[in-house]
Amino acid sequence: MVGIGGRSKGCRTCRRRKVKCDEGRPGCERCRKSGFECEGYVRYHEFVDLTARLTRNEPPTKGPVKKTRLIANADGDSPGEPGREVQAPLMTNPPWDEDSIFTSHLIHRLFSWHEDDSSSYSASWISVLFRHPEDPGGLPMASVRALATSYFGKVHGHPDLLRKGADSYSKALRSLRGQLQDSDQVLESEVIVAVVCLGIYELVTFTQPWAWLQHYKGLSRLIALRGPHRHQSGVAFSLLPTVRTSISIGHLVDRKRCFLEDPAWKTIPWAEKGLDAKTPTDRLIDILCDIPGILEDCDRALDPTTPGHARFTAELCTKILSTMDALYDWRWAWQDEFPDATYLTVPNNADSPGSKQLPPSPFQTVIWFHDPLRATELSFYDALLLILQSMCELFKISMEPSFAPLMSDPLLPTQGSRMDTTLEICRMADYQLHDLRRSSGAFMLLFPLNVAYRNLVPNSAEALWLEKIMAWIADTHGFEMSRRENMPRP
């Protein structure tokens with residue numbers, strides 16, 4: 001990843017889409033006609049994917065390499081001055097070798113959601129892994145090298161790189177075991193980030209069916225030991241959305257209560273900034289953190305030998321309803337804040353040269369977004385809604401009917417059936433998998449598509465299509481966990 005000046009003068013949207021821009025002002029006409037939001041002509045250094053140069057075996061162009069830097073807060077491992085901005089070098093004058101190119105490719109393709117994030121999380125937590133480049137065999141560099149090399153090898157069909165990545169993975173595991181035994185190092189942010197990378201490595205390589213879950217469980221124990229106060233600023237704060245989501249999904253698959261449901265974890269990290277600083281994503285993750293405990297209670301309620309069974313079940317039904325209400329409140333607030341976040345278009349309507357064609361869509365229209373973050377939020381909302389709706393059906397909890405004269409698209413609270421919600425997730429896949437999202441859209445879809453698949457009728461046209469989509473994600477973006485036979489059951 002390097003900063004390169006003097007590139008195309010087109011708008012950012014056209015450059016991402018790899019189409020010619022008419023350079024109209026203030027927004028280009030091509031974006032308007034194609035239904036895209038023109039992102040303007042701001043000049044700054046970007047992440048550049050050097051994949052093509054490596055695969056053609058061409059030497060890199062010689063010349064000065066500019067610095068690429070991220071704005072980051074002070075490290076949050078101990079309480080510090082909140083909001084203080086420091087310059088955190090991500091890669092400074094990196095050497096032109098395979099490791100640098102693999103890492104550039106990884107960040108450009110998979111961690112691209114940080115590029116346009118203007119929230120308080122815009123300090124990419126991945127930057128912590130590059131603090132000690134002088135220690136290439138240490139945990140930070142070994143973990144990112146394992147992920148970057150294997151990811152590159154997987155998406156470009158190089159088995160030798162998968163073997164090389166596995167070697168780095170083994171080194172990272174050995175280093176991790178050593179740091180876990182050191183009371184001074186075990187709670188460092190770089191350990192947390194390394195474990196996140198190792199978990200994603202397993203989602204890509206799928207060396208063992210539940211290895212990714214073991215990393216998520218280890219991450220859960222480490223974060224619980226750190227406590228919420230250590231996540232009030234800096235890298236530790238920017239980690240929150242990723243680690244809370246990963247940990248909650250791990251507990252959800254395990255159907256075991258998660259410590260993140262404790263109110264302290266929903267308030268203390270934002271205490272200095274104020275709860276108003278929470279993003280819509282933060283508030284949705286708050287609800288996600290409650291779901292694993294409800295699933296555990298559902299299993300207990302299905303056991304007639306549970307002490308006080310009738311009362312326990314009644315209290316559980318109340319909890320399900322209150323969580324559903326909280327989810328609906330979130331959706332109404334989201335609608336008020338982003339009333340024009342979506343629009344309908346035909347499947348595969350956007351040109352994306354160089355990308356593999358998606359399987360033909362069975363839908364007449366798909367849901368498109370002006371902001372990728374909104375797409376992630378709405379797909380996660382639908383996934384949580386499906387889980388709660390299935391609980392309501394299991395315990396015969398009646399829901400309020402919709403009084404809306406017309407069905408909205410996307411659906412508003414109480415509108416539609418479980419199948420309608422399921423198909424809504426499927427209709428968002430085109431946008432998430434479009435070339436503009438690179439691999440980050442596919443990564444964000446892993447959980448929602450898993451939930452949607454479990455709610456489709458087996459062998460239906462939609463289920464067969466989704467199986468092809470999941471295989472496409474594995475083949476194109478490297479996530480072996482997305483294949484039908486590998487997907488966990490929530």
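With rounding to the nearest 0.5 angstrom, the CD atom of Gln432 is 12.0 Å from the CD1 atom of Ile469. In this structure, NZ on Lys468 lies 13.5 Å from CG on Asp475, to the nearest 0.5 angstrom. Note: Leu373 CG to Thr281 OG1 = 4.0 Å, rounded to the nearest 0.5 Å. The line from CD of Gln357 to OG1 of Thr476 is 10.5 Å long, rounded to the nearest 0.5 Å. Taken to the nearest 0.5 Å, the OG1 atom of Thr245 stands 8.0 Å off from the CE atom of Met444. Atom NE2 of His229 sits about 4.0 Å away from atom CD1 of Ile268, to the nearest 0.5 Å.
A distance-only check finds no donor-acceptor pair linking the side chain of Ser408 to the backbone of Leu411 [under 3.5 Å]. In terms of modelled atom types and a separation under 3.5 Å, the side chain of Asp325 and the main chain of Ser322 share no donor-acceptor contact. Counting only distance, with no hydrogens or angles, the side chain of Gln415 and the backbone of Leu412 share a donor-acceptor pair below 3.5 Å. Without hydrogens or angle criteria, Asp22 side chain to Glu29 main chain gives a donor-acceptor distance under 3.5 Å. Counting only distance, with no hydrogens or angles, the side chain of Arg483 and the backbone of Ile473 share no donor-acceptor pair below 3.5 Å. In this structure, Asp297 contributes its side chain and Ile294 its backbone to no donor-acceptor pair below 3.5 Å. Judged by distance alone, with hydrogens and angles left aside, the side-chain atoms of Asn455 form a donor-acceptor pair with the main-chain N or O of Val451 at under 3.5 Å. Within the 3.5 Å criterion, the main-chain N or O of Lys256 finds no donor-acceptor partner in the side chain of Asp254. Using a distance-only test at 3.5 Å, with no hydrogens or angles considered, no donor-acceptor pair links the side chain of Glu202 to the main chain of His215. In this structure, the side chain of His231 engages the main chain of Ala236 through a donor-acceptor pair within 3.5 Å.
Relative ring orientation between Phe443 and Phe479 is described as tilted, the plane-to-plane angle lying within the 30° to 60° band. Classified by interplanar angle (parallel below 30°, tilted 30° to 60°, perpendicular above 60°), the ring pair His105/Tyr151 is tilted. A perpendicular orientation is assigned to the rings of His434 and Trp368, their planes being inclined by more than 60° (bins at 30° and 60°).
Looking at every heavy atom in both residues, Gln335 comes nearest to Arg331 through OE1-NH1, 2.7 Å. Taking every heavy atom of both residues into account, Trp465 and Ala429 meet most closely at CH2-CB, 4.2 Å. Heavy atoms only, all atoms of each residue included: Gln389 and Thr421 are closest at OE1-OG1, 3.8 Å. Scanning both residues, Thr313 and Ala301, for their nearest heavy atoms gives OG1-CB, 3.8 Å. Ile425 and Ala383 make their closest contact through CD1-N, 3.8 Å (heavy atoms, listed as atom of the first residue, atom of the second, distance). The two residues Asp282 and Pro241 come nearest to each other via the heavy atoms OD1-CG, 4.3 Å.
Annotation: His370 is in aromatic contact with Tyr343 [ring centroid separation under 6.0 Å]. You'll find the ring centres of Trp212 and Phe206 outside the 6.0 Å limit.
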(request) Let me see the working for Gln214 and Gln208 under side chain to side chain contact (heavy atoms under 4.5 Å, CB included), right down to the final yes or no. (result) CA-CA 10 Å; Gln214 295 306 314; Gln208 298 178 31; over 6 Å; no
(message) For Met391 and Leu295: C-alpha separation, side-chain torsions, deciding distance, then whether side chain to side chain contact (heavy atoms under 4.5 Å, CB included) applies.
(response) CA-CA 8 Å; Met391 295 179 191; Leu295 285 173; 3.4 Å; yes
(message) Run Asp382 and Ser379 through side-chain hydrogen bond (donor to acceptor under 3.5 Å, both in side chains) and show every step you take.
(response) CA-CA 5 Å; Asp382 278 345; Ser379 61; over 6 Å; no
(request) Show your working on side-chain hydrogen bond (donor to acceptor under 3.5 Å, both in side chains) between Arg418 and Ser390 and close with a plain yes or no. (result) CA-CA 8 Å; Arg418 276 176 63 189; Ser390 65; 5.1 Å; no
(request) Carefully, step by step, assess Trp330 and Glu377 under the rule side chain to side chain contact (heavy atoms under 4.5 Å, CB included). (result) CA-CA 10 Å; Trp330 180 91; Glu377 290 167 348; 3.9 Å; yes
(request) Please assess Arg300 against Glu296 for the test salt bridge (Lys or Arg N to Asp or Glu O under 4.0 Å), listing each intermediate value before the final yes or no. (result) CA-CA 7 Å; Arg300 291 181 59 193; Glu296 179 180 332; 5.6 Å; no
(message) One pair to check against side chain to side chain contact (heavy atoms under 4.5 Å, CB included): Leu456 and Met419. What are the steps and the verdict?
(response) CA-CA 7 Å; Leu456 289 173; Met419 184 54 63; 4.0 Å; yes
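The side-chain heavy atoms of Ile192 and Val243, taken from C-beta on, include a pair separated by under 4.5 Å. Looking only at side-chain heavy atoms (C-beta outward), Met470 and Arg484 come within less than 4.5 Å of each other. Using a 4.5 Å heavy-atom cutoff, the side chains of Phe338 and Pro280 are in contact. Here the side chains of Thr422 and Tyr453 are not in contact, with every heavy-atom distance at 4.5 Å or above. Between Leu252 and Ile387 there is a side-chain heavy-atom pair separated by less than 4.5 Å. Inter-residue side-chain proximity for Tyr328 and Tyr381 is flagged as met; some heavy-atom pair is nearer than 4.5 Å. Within the 4.5 Å cutoff, the side chain of Phe395 has heavy atoms near those of the Leu316 side chain. Under the 4.5 Å side-chain criterion, counting only non-hydrogen atoms from C-beta, Cys426 is not in contact with Glu462.
Around the CD atom of Glu485, the shell of radius 6.0 Å holds more than 12 heavy atoms that belong to other residues, nucleotides or ligands.
None of Arg257, Lys319, Lys266 except one satisfies the side chain to side chain donor-acceptor pair (under 3.5 Å) rule with Asp290; the exception is Lys266.
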